[in-house]
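Presented below is the structure to which this report refers.
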Amino acid sequence: QTYGRQAILQQRKRLPAYQARSELMKVVAENQVLVVIGETGSGKTTQIPQFLYDEGYCRYGGLVGVTQPRRVAALSVSKRVSEEMGVRLGQEVGYTIRFEDRTSSQTRVKFMTDGILLREALMDPELDKYSCIVMDEAHERSLNTDILLGLFKRILTRRRDLKLIITSATMNAFKFSRFFGNAEQFTIPGRTYPVDVMFSAIAVQDYVASAVKQIIRLHLRSEPGDILCFMTGQEDIETTCEELDKELTDLMKADETLEPLEILPIYSTLPADLQAKIFRKSKFRKCVVATNIAETSLTVDGIRFVVDTGLMKLKVYNPKLGMDTLQITPISLAQANQRSGRAGRTGPGLCYRLYTQYAATNEMFAEPIPEIQRTNLSNTILLLKYLQVEDLSKFPFLDRPPIETINTAQYDLWCLGALDNFGRLTALGKKMSNFPIDPALSRLLIISSFKQFQCSKEVITIVAMLSIPPIFIRPMHDAALQRRSDSIREKFQVAESDHLTLVNIFNLFRSNGCKESWCTKNFLQYKSLRRAVEIHSQLSQIMKSQKLAILSNPNWDVIRKCLCASFFHQAAQFKKHGEYVNLRTGLQMRLHPTASLYGMGDLPKYVIYHELLLTGREYMNYVTAVDGEWLCEFGEIFYAVKEKGLTSRENQARKERDFTRLIEEQRK
Ligand code: ADP
Ligand code: MG
C-alpha cells in the first residue's frame with residue numbers, strides 16, 4: 001500500500017496543475033473569484049480541491065465544495081481524490097448526488113452535482129458551511145451552473161470570506177471572468193502534442209458501422225496506443241461494442257497471432273464498477289467507447305487515437321410536444337477540437353472524424369448552445385421564485401434565456417397551481433420547490449396527501465419507480481428466455497395501468513426481502529429496484545419534513561384519480577386504430593409496446609401518460625386508463641368542468657387569455 005501511495009504521488013507530481021501549485025495558491029489567496037483555465041487532463045479537478053485542503057481552507061470547519069455538471073464525474077472523481085488522499089470515500093472526501101449522499105460529519109472536501117449545490121442554496125442562501133467553492137467544468141454551461149453563477153453575484157458581496165474558483169477548459173473562459181467584473185484568470189501551463197486530423201471524404205451513412213470499421217483498421221495497424229471513440233449514448237455504444245466484438249472474434253479465428261482488444265463502454269447509467277474499469281491498466285490495447293463525458297470530464301491516460309462521430313445527444317425543448325427531448329445533433333467546432341485533443345496528451349496522436357470537412361465548416365456551430373437557451377425552465381423558474389427573484393428580467397444571467405421559454409415555464413407552473421394570477425409563488429408552489437423532482441411529480445406527491453386522496457404511500461412508490469432506469473430485463477438472442485420473461489412480466493401487471501404495475505412490483509420486491517435472487521428469477525433489475533427503495537425513503541422524509549401525511553389507500557381508483565389531478569396536461573383520447581390524441585395539444589400519439597394496455601382489443605377512451613418516447617413517432621410511455629369525468633373534475637384548467645365530451649377548447653382558450661394578461665402585466 002505504501003508503494004501504491006508513492007506511485008500515486010509520483011503520478012500527481014507529473015501533472016501540470018501540481019507543478020503550478022504554489023503560484024496557483026498565491027493567486028487564490030489574493031482573489032475572491034478566480035477563473036482557472038487548463039487543458040483537459042492537467043489536474044484541475046483532482047488536484048485543486050486537495051491543494052485547498054492542504055492549504056488550510058477547511059481549517060475552521062469550512063468545507064471545500066466542488067460541483068460537477070454530471071453525476072458520473074462527481075462519483076468517479078471523488079473516488080479518485082479519496083484514493084490520492086489515502087482516505088475512505090465518505091470520510092474526509094465524499095460526494096452527494098441526487099438521492100445519494102456519501103458524506104459524513106468528517107467530510108471536508110465534498111464533490112456534488114451543480115443541482116445539489118443549487119438545492120442547498122435554497123435552504124441556506126449564503127452557503128455558510130463552505131469556505132471555498134470550485135465550480136468545475138463551467139465551460140459545459142449546464143443550466144444549474146449558469147443559475148448558480150447568477151446567485152453567486154449576490155452571495156459573494158454578502159460573504160467576503162467565501163472563495164469562488166471557476167474552472168474551465170480553454171473554450172468560453174473569458175466570459176466567466178467578464179461576468180464577475182473582470183475577475184483574475186490563471187492559466188495552467190500545459191503541453192500538448194500535435195494531432196493529425198483526418199476527415200471523411202464523403203458523408204457517412206451509418207456512423208456505428210464506419211466507427212467499427214475505423215477502429216478495426218487502427219487495431220490491425222501495429223503502432224501501440226489506446227483508442228477513444230465518441231458515440232451519442234447507451235444504445236449506439238452498446239451496438240458498437242457488440243459489433244466490434246463480433247468482428248474481432250471472426251478475425252482472430254483467421255489469424256491466431258492477432259492481439260485482443262479490450263473494449264470498454266462508458267456512459268452515465270453504466271454501473272459504477274464497470275465505469276471504473278476504463279481507468280485500469282490493461283495488458284492489451286484499450287478501446288474506450290464513450291459519450292461526450294470523455295470530452296472534458298473524464299480523462300483516460302494513454303489515448304493516441306480518437307474516432308469521432310461528430311454527434312452527441314442533446315436535451316432540447318420541443319414546443320410542439322411541450323417537453324424536453326433528447327436529440328442526436330452535430331457537435332460544435334469547439335467540441336470537435338476538444339475531442340481530437342484527447343489524442344495528443346502523451347504524445348503525437350491521430351483523429352479520425354467520421355464527417356466531411358465541408359460539414360465541419362458549414363454545418364457546425366462555433367460553440368455549443370448553453371442549456372439555459374434550449375431546455376424547459378419550469379423547475380428553474382420555480383426555484384428562482386422560491387428565492388424571491390420576483391422579476392426574472394433582472395436576474396443576472398450569463399446568457400439570457402429566450403422570453404418565450406420563460407413564459408412557457410411560467411404558464412406550465414401556473415397550470416399546476418404553483419403560481420397565482422400575479423406570477424407569485426402559491427403555498428402549493430412553495431411546497432413543490434422542496435422536492436428535487438419535476439414540478440408535475442412534486443405536485444402529485446403533495447396532493448396525494450390531500451383529504452380526498454390520502455394515497456401518498458402508493459404515490460411515493462410511483463414517483464420513486466419513475467425516477468429509476470427501466471426495470472425489466474428482456475434477454476437478447478434467446479427466444480425461450482424471452483417468452484419466459486414476457487410471461488412473468490404479464491403476471492406482475494395491474495389491469496390497464498403501468499403506474500399501478502410499478503407499485504405492485506415495488507411492493508413484491510420489498511415483501512420478498514429486497515433480494516437479488518428474486519429479481520434475477522423474475523427478470524428485473526436488482527440495482528434499479530434497490531435505488532427505488534432508497535429514493536422512496538428520501539421522498540418520504542421530505543414529505544414528513546413538509547408535514548404531509550403518508551397514508552396508504554387500498555382503493556386503486558383513488559390513485560388513478562390522483563394521477564389525473566396532476567397529469568391532466570398529459571391526457572389523451574382514443575381515436576382509432578391504436579391512435580390517441582393529446583386533449584390539450586391535439587398531438588397524435590400511440591401506446592408504447594411495453595405499455596400494459598398495448599395490444600388490448602378494447603382500448604380505453606381516456607388515458608394519462610408519464611412521458612413521450614420519440615422513435616420516428618410519438619409513443620406514450622407509462623400509461624394508465626382513466627375516466628373522462630375525472631379529467632373534467634381535476635383538469636378544469638383545460639377541460640370544461642362538468643361538461644361531458646371534453647371538447648370545450650373554449651374553456652382552455654379563456655384561461656389562457658387570463659394567463660397572457662398576467663404575463664403582460666408583469667412585463668410592464
Ligand atoms: P482535469 O480536471 O484538468 O481535466 P483531472 O484532474 O480530471 O484533469 O485528471 C488528472 C489526471 O488524473 C489524469 O491523468 C487522469 O487520467 C487521472 N485520473 C482522474 N480520475 C482517475 C481515476 N478514477 N483513476 C485513475 N486516474 C484518474
Ligand atoms: Mg476536470
Side-chain angles (χ1 to χ4, degrees), residues 4-5 7-21 24 35-53 64 66-87 89 93 95 109 111-114 134-142 145 165-173 186-193 225-226 228 264 266 270-282 286 288 290 292-304 335 338-339 341-347 349:
R5 298 271 299 144
I8 279 180
L9 191 61
Q10 286 311 315
Q11 232 176 326
R12 287 185 66 193
K13 282 185 177 162
R14 279 199 295 271
L15 291 171
Y18 200 93
Q19 287 155 17
R21 176 182 182 151
L24 176 61
V35 181
V36 177
I37 305 151
E39 292 290 341
T40 308
S42 59
K44 298 184 296 297
T45 308
T46 53
Q47 303 310 307
I48 294 175
Q50 295 188 71
F51 300 165
L52 294 168
Y53 178 83
V64 169
V66 188
T67 67
Q68 296 289 330
R70 302 155 187 273
R71 308 161 41 101
V72 196
L75 231 140
S76 145
V77 163
S78 60
K79 195 161 160 279
R80 172 69 181 177
V81 172
S82 71
E83 279 163 19
E84 289 191 9
M85 284 173 65
V87 297
L89 186 60
V93 181
Y95 71 85
V109 179
F111 288 86
M112 67 200 122
T113 52
D114 46 12
V134 183
M135 301 261 309
D136 203 5
E137 299 273 306
H139 63 267
E140 282 241 345
R141 300 293 311 278
S142 79
T145 291
I165 297 172
I166 299 163
T167 77
S168 170
T170 35
M171 46 184 172
N172 284 337
F186 183 90
T187 303
I188 297 174
R191 37 157 206 263
T192 46
Y193 296 86
D226 295 338
L228 172 61
L264 300 162
I266 177 115
L270 191 75
D273 45 334
L274 294 180
Q275 282 178 12
K277 264 172 98 177
I278 62 165
F279 292 111
R280 267 187 229 140
K281 288 241 162 0
S282 165
K286 280 202 257 187
V288 178
N292 53 3
I293 178 108
E295 245 168 47
T296 61
S297 319
L298 297 184
T299 296
V300 186
D301 291 326
I303 299 292
R304 257 196 83 198
Q335 288 167 290
Q338 184 63 40
R339 287 182 176 190
R342 318 293 3 235
R345 283 197 60 238
T346 37

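Note that the structure is predicted; figures quoted are calculated from it, not measured. Both counts, for ligands and for their atoms, begin at 1 and track the order of listing.
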* Asked: Which bit of Lys79 is near ligand 1, meaning a heavy atom under 4.0 Å away: side chain, backbone, both or neither?
  -> neither

* Asked: Does Asp301 reach ligand 1 with a nitrogen or oxygen that is under 3.5 Å from one of the ligand's nitrogen or oxygen atoms?
  -> yes

* Do any N/O atoms on Val300 end up under 3.5 angstrom from N/O atoms on ligand 1? -> no

* Give a yes or no on whether Thr299 keeps an N, O or S atom under 2.8 Å from the Mg ion (ligand 2). => no

* Is it true that Glu137 and Arg70 have a side-chain N and a carboxylate O under 4.0 angstrom from each other? -> no

* To do: Return a yes/no value for Asp136: is any of its N or O atoms, backbone included, closer than 3.5 angstrom to an N or O of ligand 1?
  => no

* Tell me which protein heavy atom sits closest to atom 2 (O) of ligand 1, plus the residue, atom name and distance to 0.1 Å. => Thr45 OG1, 2.6 Å

* For Glu84 and ligand 1, does the shortest N/O to N/O distance drop below 3.5 Å? -> no

* Structure fact -> So CG of Leu52 and CG of Leu24: to nearest 0.5 Å the spacing works out to 8.0 Å

* Asked: Tell me, which protein residue and heavy-atom name are nearest atom 9 (O) of ligand 1, and how many Å apart are they?
  -> Thr46 OG1, 4.0 Å

* To do: Could you tell me whether Arg345 approaches ligand 1 through its side chain, its backbone, both or neither, with non-hydrogen atoms closer than 4.0 Å?
  => side chain

* To do: Among all protein heavy atoms, pick out the one at the shortest distance from atom 16 (O) of ligand 1; state its residue, atom name and that distance to 0.1 Å.
  => Thr299 O, 2.9 Å

* Asked: What atoms of ligand 1 come closer than 4.0 angstrom to any heavy atom of Glu39?
  -> 3 (O)

* Asked: Does a side-chain heavy-atom distance below 4.5 Å link Tyr18 with Leu9?
  -> yes

* Which residue supplies the protein heavy atom nearest to atom 18 (N) of ligand 1, what is that atom called, and how far is it? -> Arg80 NE, 4.0 Å

* Asked: Does an N or O from Gly41, backbone or side chain, lie closer than 3.5 Å to an N or O of ligand 1?
  -> yes

